[in-house]
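Here's the structure, in structure tokens; my notes come after.
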Number of protein chains: 2
Amino acid sequence: MKTREKIIYEALSLFSVHGYDAVTIREIASKVGIKESSIYNHFKNKQDILNKIIEETLKRYYSTLENVKVPESEDDNVSELYDNITDDTFLDICTKIFLFYLKDDYISKLRRLLTIEQYGNEEIGETFRYVFIDRVLETQRQVLQKFIDSGRFIQGDAYTMALHFYSPVFLLLYKYDNCPENEEQAIMELKMHVSQYNAIYRRNSIEREERNL
Amino acid sequence: MKTREKIIYEALSLFSVHGYDAVTIREIASKVGIKESSIYNHFKNKQDILNKIIEETLKRYYSTLENVKVPESEDDNVSELYDNITDDTFLDICTKIFLFYLKDDYISKLRRLLTIEQYGNEEIGETFRYVFIDRVLETQRQVLQKFIDSGRFIQGDAYTMALHFYSPVFLLLYKYDNCPENEEQAIMELKMHVSQYNAIYRRNSIEREERNL
DNA sequence: AACTTATACTAACAATTGTTAGTAAAAGCA
DNA sequence: TGCTTTTACTAACAATTGTTAGTATAAGTT
């Protein structure tokens, strides 16, 4: 890892725990293994480090999303894919995504950083709400709307259904944020949630066939 | 308001936005209208202010809860009370509680303060998770268990049902934290959630009578 | 090899930090 | 009233802050 990347990483690590103001340039430099003045060869000032951290970690996050994304050329192949997976496979997929958000070094630290700084900086507050609340809800709403339209899910308001799916995930992230030793408990609670959610909202194939007659 | 209370209030207000480290003794003193050295007539040091803020605001919060609490002498009078209120009344009660958490000056600032400081201070992290996650979930789990046992709610895991009820509230608090102008939207989303929740989990009286035969 | 650019260093700066000592006025109490 | 305690003030402190100037070395380019 080059010096610039190291600075980004170490600053992200420190900011995400103590917050922007509580971390000094000297602490960051020390973690990187250089003197504080050398930081200024890579960044304009302290604020610039924070800006670049958010910018670049978000870019990293979005490109990660692109890689796991289902190709969206066909209008409802997401729904078709969903037909072909069992409840257990779906649980495993949800668990993997949850653990990614909970434990991925960069994304979990970014979430904590934005969480910490959301009130002190309006732009960061907007970013936090967009990335970790509104954007996720909107994406899920769109998918759920397709599931409702194709009869895979029961009738209802797609947004509220997205809220019902994502909110427990959101809460569990904060509940188990600082407790890596309780990871198994976290996964268990998540699976209980997803199972119950499926039982409530998902139409089984028999129901769907009856409906299609 | 006496000087000591003023310090508590102004420090809470500042800490809850910028975080503990970013706020200076001089800023707090300035808001109160005194010089920085006078602070030390009321608190041992800066850390002491933070400790007392959390301690006393929590006390304030718990005593508020006591006042709205249903008397828990009889083992299932919560359930009986729940029978006598309509869905609309229940919606209004939920809305009021939600708005209390979202807008009460002290409790909303305390939540933001604990949110901001949860990662930098292990004890605060524990307090945050206990007060705003675990404690709420446990309380609701107990109530829901009674509702399940008495047939007012459908069978299922009470903890997961509590998670399904509280998580959207938790998320909405953060979604609308900094947006007082969107309060109506927040209430609407909350009501959609609670309505849907009732439709899913609550047995109507007809179902209940059938079950009791 | 000569030259340019990037990077790291030492040293220093002005400003700000939490905190203390000493003092005078105000409040509470006998 | 006189006495004690509380509270607010001024002034100062040592430490730490973000940042800059100047310099030497390493890396990259021609």
Side-chain angles (χ1 to χ4, degrees), chain A residues 1-57 109 112-114 116-124, chain B residues 1-57 109 112-114 116-124:
Chain A
M1 204 159 35
K2 298 197 77 177
T3 301
R4 208 196 101 102
E5 293 173 71
K6 275 192 205 169
I7 296 172
I8 291 274
Y9 177 74
E10 298 294 347
L12 171 60
S13 301
L14 288 167
F15 287 161
S16 67
V17 173
H18 306 99
Y20 175 77
D21 284 281
V23 174
T24 70
I25 296 277
R26 280 166 181 83
E27 284 179 272
I28 300 170
S30 165
K31 285 274 181 188
V32 175
I34 57 177
K35 289 290 169 185
E36 68 268 18
S37 55
S38 303
I39 298 268
Y40 293 86
N41 285 322
H42 302 275
F43 298 93
K44 211 181 86 196
N45 52 29
K46 193 186 173 186
Q47 182 66 47
D48 188 38
I49 304 179
L50 180 62
N51 295 340
K52 295 289 158 53
I53 282 179
I54 295 176
E55 188 182 309
E56 292 171 27
T57 311
K109 283 173 179 170
R112 292 175 205 180
L113 169 57
L114 298 185
I116 287 181
E117 300 295 330
Q118 65 179 312
Y119 305 115
N121 180 315
E122 210 168 313
E123 200 185 329
I124 294 186
Chain B
M1 203 158 33
K2 300 197 73 177
T3 302
R4 208 195 102 100
E5 293 173 72
K6 274 193 206 168
I7 296 172
I8 291 272
Y9 178 75
E10 298 295 347
L12 171 60
S13 301
L14 287 167
F15 287 161
S16 68
V17 173
H18 305 101
Y20 175 76
D21 285 281
V23 174
T24 70
I25 296 276
R26 280 166 181 83
E27 284 179 272
I28 300 170
S30 165
K31 285 274 181 189
V32 174
I34 57 177
K35 289 290 170 185
E36 68 268 19
S37 55
S38 303
I39 299 269
Y40 293 85
N41 285 323
H42 303 275
F43 299 93
K44 210 181 87 195
N45 51 31
K46 193 186 174 186
Q47 182 65 47
D48 188 38
I49 304 178
L50 180 62
N51 295 341
K52 294 290 158 51
I53 283 180
I54 296 176
E55 190 183 306
E56 291 171 27
T57 310
K109 282 171 180 170
R112 290 173 206 181
L113 169 57
L114 298 185
I116 288 181
E117 300 294 332
Q118 65 178 313
Y119 304 116
N121 181 316
E122 210 168 311
E123 202 186 328
I124 295 187

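Throughout, a chain's letter reflects where its sequence line sits, starting with A, and its residues are numbered from 1. Reckoned from all heavy atoms, side chains included, excluding hydrogens, waters and symmetry mates.
- With values rounded to the nearest 0.5 angstrom, Y119(A) atom OH is found 6.0 Å from R112(B) atom CZ.
- For N41(A) against dA6(C), no side-chain N or O and base N or O form a donor-acceptor pair under 3.5 Å.
- Look at K46(A) and you'll find a side-chain N or O under 4.0 angstrom from OP1 or OP2 of dG18(D).
- When rounded to the nearest whole Å, the span between OH of Y40(B) and P of dT20(C) equals 7 Å.
- If you measure from atom CZ of R4(B) to atom P of dT5(D), you get 20 Å, rounded to the nearest angstrom.
- Side-chain N/O atoms of S38(A) include none lying less than 4.0 angstrom from OP1 or OP2 on dT7(C).
- Note: CZ (R26(B)) to C1' (dT10(D)) measures 12 Å, nearest angstrom.
- Going from atom CD of E10(B) over to atom CE of M1(B) covers 7.0 Å, rounded to the nearest 0.5 Å.
- Base pairing analysis places dT19(C) opposite dA12(D); the two distances defining the Watson-Crick or G-U wobble pair are each below 3.5 Å.
- Counting only distance, with no hydrogens or angles, the side chain of T57(A) and the backbone of I54(A) share no donor-acceptor pair below 3.5 Å.
- Between the P atom of dG18(D) and the OH atom of Y20(A) lies a distance of 8 Å, rounded to the nearest Å.
- Computed from coordinates, the I7(A) CD1 to dG18(D) C1' distance equals 15 Å when rounded to whole Å.
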message = Run the side chain to side chain donor-acceptor pair (under 3.5 Å) test on Q47(A) and N51(A) for me, step by step, so that the C-alpha distance in whole Å, both residues' side-chain angles and the decisive distance to 0.1 Å come before the verdict.
response = CA-CA 6 Å; Q47(A) 182 66 47; N51(A) 295 340; 3.2 Å; yes
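- Of the side-chain N and O atoms in H42(B), one or more sit less than 4.0 angstrom from OP1 or OP2 of dA8(D).
- Heavy atoms of V32(A) sit nowhere under 4.0 angstrom from any nucleic acid atom.
- I49(B) places its CD1 atom 14 Å from the P atom of dT17(C), with the value rounded to the nearest Å.
- Which of dG18(D), dC9(D), dT19(C) sits closest to the side chain of I34(B) comes down to dC9(D).
- The nearest whole Å value for the distance from the CD1 atom in I28(B) to the C1' atom in dT17(C) is 13 Å.
- Following rounding to the nearest Å, D21(B) (CG) and dG18(D) (P) show an atom-to-atom distance of 11 Å.
- Of the candidate nucleotides dA8(D), dA8(C), dT17(C), dT17(C) has the atom lying nearest to any side-chain atom of T24(B).
- The backbone N or O of V23(B) lies less than 3.5 Å from a partner atom in the side chain of K46(B), making a donor-acceptor pair.
- When each of E36(B) and K2(A) is assigned the nucleotide of DNA chain C bearing its nearest heavy atom, the one mapping closer to the 5' terminus is K2(A).
- The base of dT10(C) lies close enough to the side chain of S37(A) for a donor and an acceptor atom to sit less than 3.5 Å apart.
- With a 3.5 Å ceiling on both atom-pair distances, dT1(D) lacks any Watson-Crick or G-U wobble partner.
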